[in-house]
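Just follow the structure's listing: the first ligand is 1, and inside any ligand the first atom is 1. It should be emphasised that the depicted structure is a prediction, and the values quoted were computed from it without experimental measurement.
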Amino acid sequence: MDDIKRRDPRKEHILRNRLHPQYDEMAVDHDLLLSGGTNRKNPHKQGYLSAEGIKRIDRSGAAIAAAGVAKKQQEQSLPLRTIVNPSNYIVVFSDSDSAKLTVLDKDMLGLAHSLADDGTAVVMINLHSREDDLASAGADRALTLDAASYSPDSWLAILQTIDSELSPKHWIFADGTLVGGDLARRLAVSLGVRPITRGKQFADGELNCGGGDASKSVNRKLSRILLVEEQVADPIAGFITEASSLDVAEVAGVIPKVTDLGGVAVDPADIPLAETRFILSGGNGIRNWALFHQCAQALGATEGASRVAVDNGHMPRTTQVGATGTYVNAKVYVAVGISGAIQHLQGMTTCETVIALNTDANCDMIKRADLSIIADSSEVMQALVDATSGGEGELDDVG
Ligand SMILES: Cc1cc2nc3c(=O)[nH]c(=O)nc-3n(C[C@H](O)[C@H](O)[C@H](O)COP(=O)(O)OP(=O)(O)OC[C@H]3O[C@@H](n4cnc5c(N)ncnc54)[C@H](O)[C@@H]3O)c2cc1C
């Protein structure tokens with residue numbers, strides 16, 4: 001048996017028919033694995049059973065919060081994996097700047113545990129401190145580097161020190177355009193190791209990797225340095241780890257070859273919707289689209305849209321948020337003239353703060369929002385543009 005996830009046509013057939021006698025049994029904990037191997041959210045998992053036994057959709061976030069508490073309690077009762085004197089190490093390097101662990105972080109930790117034996121400690125190195133629970137994601141040891149300024153030479157020196165102190169069996173990095181991909185290549189050159197890149201799925205001791213042609217892939221034997229992508233392995237389940245801090249010897253001062261001159265303004269329109277921290281999203285309640293674009297620019301927000309706004313031709317399809325659009329993860333999501341249909345809410349469940357601007361005080365978006373403005377969209381957007389004096393970026397320190 002291999003670990004590769006495969007489609008099950010019979011199961012899919014049953015899951016498409018909620019009246020099928022085996023539907024409930026199959027739907028308990030399934031993930032829809034659609035063609036192309038992509039896992040999708042199961043919309044039927046949404047909602048909760050009310051006291052009357054009727055399935056209801058929670059728009060207040062209370063059920064999500066309760067589910068979070070229940071998950072925490074369940075995690076606390078899981079067995080603790082303890083490694084006192086590790087025989088060897090696998091190091092996972094996370095370059096994400098989010099306070100929460102990303103899907104890729106959890107997949108990388110999952111891969112590390114697939115490669116680890118009983119005495120192996122999985123070390124997680126973070127560039128930024130994490131609010132998320134590293135123990136439930138599978139970090140036996142954790143270390144946070146100082147990422148106040150961009151300093152690849154110092155970070156590389158720390159990784160080299162860790163390599164000489166711990167001699168890890170494997171280093172696992174995200175194969176992306178952020179710091180991790182670059183650091184992995186620097187480390188590989190300095191150690192004289194040939195890395196494996198674009199690792200897509202781990203099975204049978206080999207990594208299935210992307211080939212030169214996007215439609216092709218190739219199985220590779222493992223190397224000490226692995227650069228991987230999302231879904232390379234499943235996150236850990238059924239145990240928690242210690243996540244104790246890793247002590248590393250002081251690294252002697254490194255003379256940096258790169259000087260960080262500080263941040264530069266980025267055009268919010270260039271940030272992918274799924275990654276941006278601040279979204280101004282427009283729906284059918286927008287009366288003046290030119291003003292909407294002006295407002296997004298004045299606030300320094302990335303533009304999103306409801307499906308109706310897209311279907312009506314006001315916004316490109318790439319901006320659609322929701323079940324059939326993009327799942328977003330913004331720190332602040334401002335919904336202007338969007339009613340809050342369940343298909344839209346599904347795409348923004350993980351947004352930290354939701355601000356709704358709508359003329360209908362009873363609409364579902366207002367129920368979901370942390371802050372509501374009951375007013376005409378054009379009036380408020382004009383006031384926001386005026387408040388920023390037409391200048392760009394005055395309110396753009398959200399992220
Ligand atoms: C299979 C399927 C998949 C779907 N997937 C998605 C999806 O991925 N994303 C998505 O968004 N939708 C999706 N939909 C559509 C979804 O059901 C809703 O129809 C859509 O989200 C509604 O868009 P809206 O809120 O912009 O428009 P409406 O429902 O028309 O709401 C407009 C809102 O604007 C308010 N408003 C009106 N005038 C003003 C004003 N002057 N100032 C302020 N507010 C005002 C109204 O009170 C109302 O709340 C899907 C539907 C189906 C069937």
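For ligand 1, the polar-atom distance check against A341 finds no nitrogen or oxygen pair separated by under 3.5 Å. Of the polar atoms of C363, none of the N or O atoms is found under 3.5 Å from an N or O of ligand 1, judged by distance alone. Note: no N/O pair closer than 3.5 Å links A309 and ligand 1 by distance alone.
Interface of I338 with ligand 1, defined as ligand atoms under 4.0 Å from a residue heavy atom, comprises 25 (O). Listed by number with element, the atoms of ligand 1 under 4.0 angstrom from any heavy atom of G283 are 26 (O).
By the 4.5 Å heavy-atom criterion applied to side chains, T324 and Q343 are not counted as neighbours.
Atom 7 (C) of ligand 1 has as its closest protein heavy atom Q320 NE2, 3.1 Å. Nearest to atom 19 (O) of ligand 1 among the protein's heavy atoms is V308 CG2, 3.9 Å. Among all protein heavy atoms, the one lying closest to atom 42 (N) of ligand 1 is S377 N, 2.9 Å. Of all protein heavy atoms, the one closest to atom 38 (N) of ligand 1 is R287 NH2, 2.9 Å. The closest protein non-hydrogen atom to atom 40 (C) of ligand 1 is G285 O, 3.3 Å. In terms of protein heavy-atom proximity, atom 12 (N) of ligand 1 is closest to R307 CB, 3.2 Å. Remark: minimum distance from atom 53 (C) of ligand 1 to any protein heavy atom is reached at Q343 NE2, 3.8 Å. Among protein heavy atoms, the minimum distance from atom 24 (P) of ligand 1 is reached at S306 OG, 3.5 Å.
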Checklist line | Evaluation steps, side chain to side chain donor-acceptor pair (under 3.5 Å), between E303 and S281 | finding: CA-CA 6 Å; E303 294 183 5; S281 204; over 6 Å; no
Note to self: Could you walk me through whether T120 and N88 satisfy the side chain to side chain donor-acceptor pair (under 3.5 Å) test, starting with their C-alpha distance in whole Å, then the side-chain angles of each, then the deciding distance to 0.1 Å, before giving a yes or no?
What the structure shows: CA-CA 5 Å; T120 306; N88 55 45; 2.6 Å; yes
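Summarising the geometry of N358 relative to D360, their closest heavy-atom pair is OD1-N, 2.9 Å, with the distance given to 0.1 Å.
Using a 4.0 Å cut-off between charged nitrogen and carboxylate oxygen, R368 and D364 do not count as a salt-bridge pair. R81 and E242 are not joined by a salt bridge, as no carboxylate oxygen comes within less than 4.0 angstrom of a charged side-chain nitrogen. Under a 4.0 Å N-O distance rule, the pair K200/D175 does not qualify as a salt bridge.
Within the structure, ligand 1 lacks G347 among the residues with a heavy atom less than 4.0 angstrom away.
Which of D376, T324, V321 comes nearest to atom 9 (N) of ligand 1 through a heavy atom is settled by distance: it is V321. Among N358, D360, D311, the residue whose heavy atom sits closest to atom 49 (O) of ligand 1 is N358. Comparing S339, G337, G325, A335 by heavy-atom distance to atom 25 (O) of ligand 1, the nearest is S339.
Among R220, K221, Q201, the one residue that satisfies the side chain to side chain donor-acceptor pair (under 3.5 Å) test with E206 is K221.
Heavy atoms of A375 found under 4.0 angstrom from ligand 1 belong exclusively to the backbone.
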Kindly list each side-chain donor-acceptor pair under 3.5 angstrom involving residues 263-276, sequence neighbours excluded, with atom names and distances?
residue	atom	partner	partner atom	Å
D267	OD1	A269	N	3.0
T276	OG1	T302	OG1	2.8

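Counting side-chain heavy-atom gaps under 4.5 Å among Ile, Leu, Val, Met, Phe, Trp and Tyr, V189 is found in no cluster with other residues.
A centroid separation of 6.0 Å or more is found between the aromatic rings of W155 and F93.
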